[in-house]
Structures are given as C-alpha cells and as structure tokens.
Amino acid sequence: MSDRDTRHQQAMQKLKSRVDEKVAEATEQRGLLLVFTGNGKGKTTAAWGTVTRALGYGYRVGVVQFIKGLWECGERERLVEDPNLEVAIMATGFTWDTQNREADTRACHEVWAEAERMLADPGVYLVVLDEITYMLKFGYLDIATVTRALAKRPAEQTVIITGRNAHRELTAMADTVTEMQEVRHAFNSGVQARRGIDY
Ligand code: ATP
Ligand code: MG
C-alpha cells in the first residue's frame, strides 16, 4: 500500500469511529419539528420529498398548504392517489389580486382548523405546514396559537414547516432548521417557472 493509501485508510478509520460514536449517542426516539426556511429554492420540494418518504413506509401524512388560490403542484397531483395522504389547501376563490384582509384571515383560520385536527391525531405520522410562515408574518395567524398546537402534538408526530422568514419562536422550538440560501435563481434572469420542475 502506498503512503497515500495508508494515510487515507487511517483517516477513514478515524472518521468511522467518530460517526459510530455519534450514532451511539443518538438514543432518543421521537417525532421532530423541522423548519425549512430561507429565500433559496427547495423548501416545498424538500417537504414533499419527506412526504413521499413517509408514505413509502405506509405512514399517514397530512399536508396543509397555506397558499392563496389553487397553485399547481406536481407532487400533490401524484401523491393524492395515496389513501394515506390528506391534503388541505387554504380556501380558494381569491388570489394575490384580492387584498382582502378579513377574507384572507377567515380562509387562513379555516385551513388552520384542519391543521389543528391533524396535529392532535396520533395516527398522523407527519404533518406539513407549507408556507405557514407568511400567515404569521401577515398576522392572519397568531404565533402562540401555532406554538401551543405544536407543543401538545403527539410525541411520535413529526412536523415540517416551510416558508421564508420563519418566526424566531419556530426556529427556537425546532429540532432541525435548514436555511435554503439563494446563490442564483433562474427567475431573476427572466426564465419562467417550469412545470414539473418548479411546481
Ligand atoms: P420550491 O417549491 O421550488 O421548493 P420553495 O418552496 O423553496 O420552492 P417558495 O418561496 O415557496 O420557494 O417559492 C414558490 C415558487 O417560487 C416555486 O415555484 C419556486 O420554484 C419559486 N422560487 C423559489 N425560490 C425562488 C427565488 N429565490 N426566486 C424566484 N423564484 C423562486
Ligand atoms: Mg414553498
């Protein structure tokens, strides 16, 4: 074996023992709170990826989309065929064009009621609250209401929160926080959002 190979082997052995130690230290088993935030692309995609993962093992999953209007979404099209997936979308009938605070708040509360039901159901393994950060930012939803529901959810349930500018109380509470950072986005070079790629 060359010197370089020997050094590589030693480094790998060290790395393996460090990883093994970490694995041995992680003994707790419970549901998690994950926050995918930041202004780079990939937050909702990562959430749907995890939904697919959970459904793959036959777990029940609830997805609540706090979006205005019926945005197209390829993952939803495909995954709703799974009887273990329930999707709730904020009431339709208006878009960003109608800036009606009262109607928006009402629609938000209606879909939040669905979220609360899922967050209280021990049979639901994973709950996604997609774009909920904006509801808090716009004041449609109260942070204390959300943190209370998250805190009292079943111990085995995992929750994923997506959206830019996540409230500090949410990131403080979360087990895993990932900040997607925009390095470049095609949209800023005038390229249209692409079907099956961006939505
Ligand atoms: P995605 O749904 O692709 O995972 P996201 O959830 O991280 O994106 P959102 O802020 O929810 O990002 O974006 C909604 C839409 O805008 C998506 O179609 C997404 O591809 C696109 N998008 C995401 N990031 C950016 C960006 N930095 N500039 C422009 N468009 C973006
Ligand atoms: Mg998103």
Side-chain angles (χ1 to χ4, degrees), residues 32-56 61-82 85-99 101 104-105 107-112 114-116 118-119 124 126-141 143 146-147 149-150 158-199:
L32 303 164
L33 176 62
L34 297 94
V35 173
F36 299 156
T37 190
N39 60 1
K41 175 181 163 61
K43 301 174 288 292
T44 300
T45 314
W48 279 114
T50 314
V51 168
T52 312
R53 204 171 255 189
L55 290 172
V61 178
V63 175
V64 186
Q65 294 189 296
F66 292 86
I67 49 174
K68 291 188 181 185
L70 257 185
W71 284 37
E72 276 188 88
C73 177
E75 300 99 318
R76 194 178 63 218
E77 291 298 311
R78 175 61 187 261
L79 296 173
V80 284
E81 290 164 18
D82 192 317
L85 175 67
E86 187 190 345
V87 180
I89 309 173
M90 209 161 111
T92 52
F94 55 84
T95 64
W96 292 111
D97 307 332
T98 67
Q99 300 298 341
R101 222 188 116 73
D104 287 358
T105 306
C108 174
H109 286 184
E110 273 170 32
V111 81
W112 170 250
E114 304 283 327
E116 270 192 322
M118 294 173 187
L119 292 168
V124 181
L126 169 66
V127 179
V128 174
L129 306 172
D130 190 32
E131 321 294 356
I132 195 174
T133 58
Y134 305 100
M135 303 297 106
L136 297 162
K137 206 170 162 55
F138 300 157
Y140 298 167
L141 205 56
I143 181 70
V146 176
T147 52
L150 290 173
T158 290
V159 176
I160 298 178
I161 284 174
T162 84
R164 298 176 188 207
N165 303 108
H167 194 288
R168 236 189 300 153
E169 283 193 43
L170 291 179
T171 52
M173 224 183 153
D175 298 289
T176 298
V177 181
T178 301
E179 177 138 350
M180 272 71 171
Q181 194 201 335
E182 183 190 309
V183 175
R184 185 178 303 127
H185 197 288
F187 184 71
N188 297 323
S189 317
V191 186
Q192 273 184 19
R194 200 152 175 84
R195 194 168 193 239
I197 306 294
D198 286 307
Y199 58 90

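Atoms within each ligand, like the ligands themselves, are counted from 1 in listed order.
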- Message: For the 3.5 Å polar cut-off, considering only N or O atoms, please tell me whether Gly42 and ligand 1 meet it.
- Response: yes
- Sequence-distant partners of Glu75, side-chain hydrogen bond (donor to acceptor under 3.5 Å, both in side chains), two or more places apart: none
- Message: Could you check whether any side-chain heavy atom of Val64 comes within less than 4.5 Å of a side-chain heavy atom of Trp112, counting everything from C-beta outward?
- Response: no
- Query: In total, how many protein N/O/S atoms does one find closer than 2.8 Å to the Mg ion (ligand 2)?
  - Reply: 2
- Query: Side chains of Asp82 and Val61: does their closest heavy-atom pair fall under 4.5 Å?
  - Reply: no
- Under the side-chain contact (heavy atoms from CB on, under 4.5 Å) test, which residues partner Arg184, sequence neighbours left out? none
- Message: So for ligand 1, is Lys41 a polar contact partner (N or O within less than 3.5 Å, distance only)?
- Response: yes
- Item | Top protein contact for atom 11 (O) of ligand 1, by heavy-atom distance | Glu131 OE2, 2.9 Å
- Message: In this structure, does ligand 1 have an atom that sits under 4.0 Å from one of the heavy atoms of Met180?
- Response: no
- Message: Counting only heavy atoms closer than 4.0 Å, does ligand 1 sit against the backbone of Asn39, its side chain, both, or neither?
- Response: backbone
- Query: Measuring to protein heavy atoms, does anything land under 4.0 Å from atom 24 (N) of ligand 1?
  - Reply: yes
- Message: Starting from atom 28 (N) of ligand 1, what is the nearest protein heavy atom, named by residue and atom, and what distance separates them?
- Response: His185 CG, 3.4 Å
- Side-chain (Arg195) to main-chain (Gly74) donor-acceptor, under 3.5 angstrom: no
- Message: Could you identify the single nearest non-hydrogen protein atom to atom 1 (P) of ligand 1 and state the distance to 0.1 Å?
- Response: Thr45 OG1, 3.4 Å
- If you measure every N/O of Tyr199 against every N/O of ligand 1, is any gap under 3.5 Å? no
For a quick test of your reading: what N or O donor-acceptor pairs under 3.5 Å do the side chains of residues 35-44 make, sequence neighbours left out?
from, atom 1, to, atom 2, distance (Å)
Thr37, OG1, Gly163, O, 2.8
Thr37, OG1, Asn165, N, 3.4
Thr37, OG1, Ala166, N, 3.3
Asn39, OD1, Glu182, N, 3.4
Lys41, NZ, Ile197, O, 3.4
Lys41, NZ, Asp198, OD1, 3.1
Lys43, NZ, Gly38, O, 3.0
Lys43, NZ, Gly40, O, 2.8
Thr44, OG1, Asp130, OD1, 2.8
Thr44, OG1, Glu131, OE2, 3.0

- Message: Is there a side-chain contact between Leu141 and His109 in this structure, where contact means two heavy atoms from C-beta onward sitting under 4.5 Å apart?
- Response: yes
- Message: Checking a contact table here: which protein heavy atom is nearest atom 18 (O) of ligand 1, and how many Å away?
- Response: Asp198 O, 2.9 Å
